[in-house]
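Written out below as structure tokens is the structure these notes cover.
Just so we're on the same page: letters track the sequence lines, and every chain starts at 1. Computed over heavy atoms, backbone and side chain alike; hydrogens, waters and symmetry mates excluded.
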2 protein chains.
Amino acid sequence: MTGAALSEARAVALARVFKALADPVRLRLLSMIGAAEGGQACVCELTAGFEVSGPTISHHLKVLREAGLIEGDRRGTWIYYRAVPGALDAVSDALVPNRVPA
Amino acid sequence: MTGAALSEARAVALARVFKALADPVRLRLLSMIGAAEGGQACVCELTAGFEVSGPTISHHLKVLREAGLIEGDRRGTWIYYRAVPGALDAVSDALVPNRVPA
DNA sequence: TTCATGTCTTGATGAGCATCAAAACAGTCG
DNA sequence: CGACTGTTTTGATGCTCATCAAGACATGAA
């Protein structure tokens, strides 16, 4: 956030992603998905880790999906979600441009 | 977000910061402060760059201040705001731990 | 087809937030 | 002190969001 000033349009787009990240449940969902075996997890596993109801988890997953942070595909009975590659890196870059991949 | 699963407490703390970033006006304020001469800007300069009213800018600056992202000090008539060093880096680290300073 | 399971959508409710106008506070200058 | 500028606080309003209960949809099995 030290480079040139942010344009209005870019600020709106970035704010949308940050809004998706601005909830403890969604952060933990994202974390659980990333930490899961093979980088993916089905909704049943995710729901088990929280005290909130199934529909609420589904709602949060939808928010993350619409923000471009995760994507899911149905495999038989279950739906598996995984992180969209590079999505979080792009957000990280926007915050601190002077960083490079390890 | 690929390491160990996030604790509930850490998720709540992180979400608080993301919530502060989840507004286009606040993102642009942060950007303008970072891009300003000497890394600091007075409220009058910031207000001039927006269409919203003065009190609204003041409100957003307060949110950023309470999130630990900026700090301000009065210097005569004007109050100057600047970014808290390392605050954004910490957020960036939380998102993508596998990055190192350039 | 009928049933059971997993996931999502709908509808409703209560809490939180962005915004502004008006008032209050802080500091400078005459 | 009094007038003025810069900044914040207060109060009110409309909107968005998180959550749940109930129902709907999708898939696989009997």
To the nearest Å, give me how far apart [atom1] ([X]) and [atom2] ([N]) are.
| X | N | atom1 | atom2 | value |
| --- | --- | --- | --- | --- |
| Trp78(B) | dC25(C) | CH2 | P | 23 Å |
| Arg16(B) | dC17(C) | CZ | P | 11 Å |
| Tyr80(A) | dG6(C) | OH | P | 12 Å |
| Leu27(B) | dA18(C) | CG | P | 12 Å |
| Ile79(B) | dG6(D) | CD1 | C1' | 8 Å |
| Arg65(A) | dT9(C) | CZ | C1' | 11 Å |
| Glu66(B) | dT8(D) | CD | P | 12 Å |
| Asp73(B) | dT8(D) | CG | P | 12 Å |

Selected nucleotide, minimal atom distance to Lys19(A) side chain, candidates dT7(C), dC17(D), dC8(C):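 Of the candidates, dC17(D) comes closest.
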By nearest atom, which of the nucleotides dT8(D), dT19(D), dT7(D) is closest to the Pro55(B) side chain?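 Of dT8(D), dT19(D), dT7(D), dT8(D) is nearest to the side chain of Pro55(B).
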What is the nucleic acid contact for Arg26(B), judged by heavy atoms within less than 4.0 Å: base, sugar-phosphate only, or nothing?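 Sugar-phosphate contact only.
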Would you classify Gly76(B) as touching base, sugar-phosphate or nothing, given that sugar-phosphate means primed atoms plus P, OP1 and OP2, and contacts are heavy atoms under 4.0 Å?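 Sugar-phosphate contact only.
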Can you find a side chain N or O atom of [X] that sits less than 4.0 Å from OP1 or OP2 on [N]?
| X | N | answer |
| --- | --- | --- |
| Thr56(B) | dC20(C) | yes |
| His60(A) | dT19(D) | yes |
| His59(B) | dA18(C) | yes |
| Tyr81(B) | dT7(D) | no |
| Thr77(A) | dT27(D) | no |

Please report the C-alpha distance between Tyr81(B) and Arg65(B) in whole Å, then the side-chain angles of each, then the deciding distance to 0.1 Å, and finally whether the side chain to side chain donor-acceptor pair (under 3.5 Å) criterion is met. CA-CA 9 Å; Tyr81(B) 280 97; Arg65(B) 210 185 322 132; 3.1 Å; yes
Is it the case that more than 12 heavy atoms not belonging to Arg82(A) sit under 6.0 Å from its CZ atom?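 Yes - once you tally the heavy atoms of other residues, nucleotides and ligands closer than 6.0 Å, there are more than 12.
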State yes or no: do Tyr80(B) and Leu64(B) share one hydrophobic cluster built from I, L, V, M, F, W and Y residues joined by side-chain heavy-atom distances below 4.5 Å, directly or via other members?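 No, because Tyr80(B) and Leu64(B) fall into different hydrophobic clusters, even though each may have its own neighbours under 4.5 Å.
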Pairwise 5' ranking along DNA chain D for Arg74(B) and Arg75(A), keeping only the more 5' one: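 Nearest-nucleotide comparison on DNA chain D picks Arg74(B).
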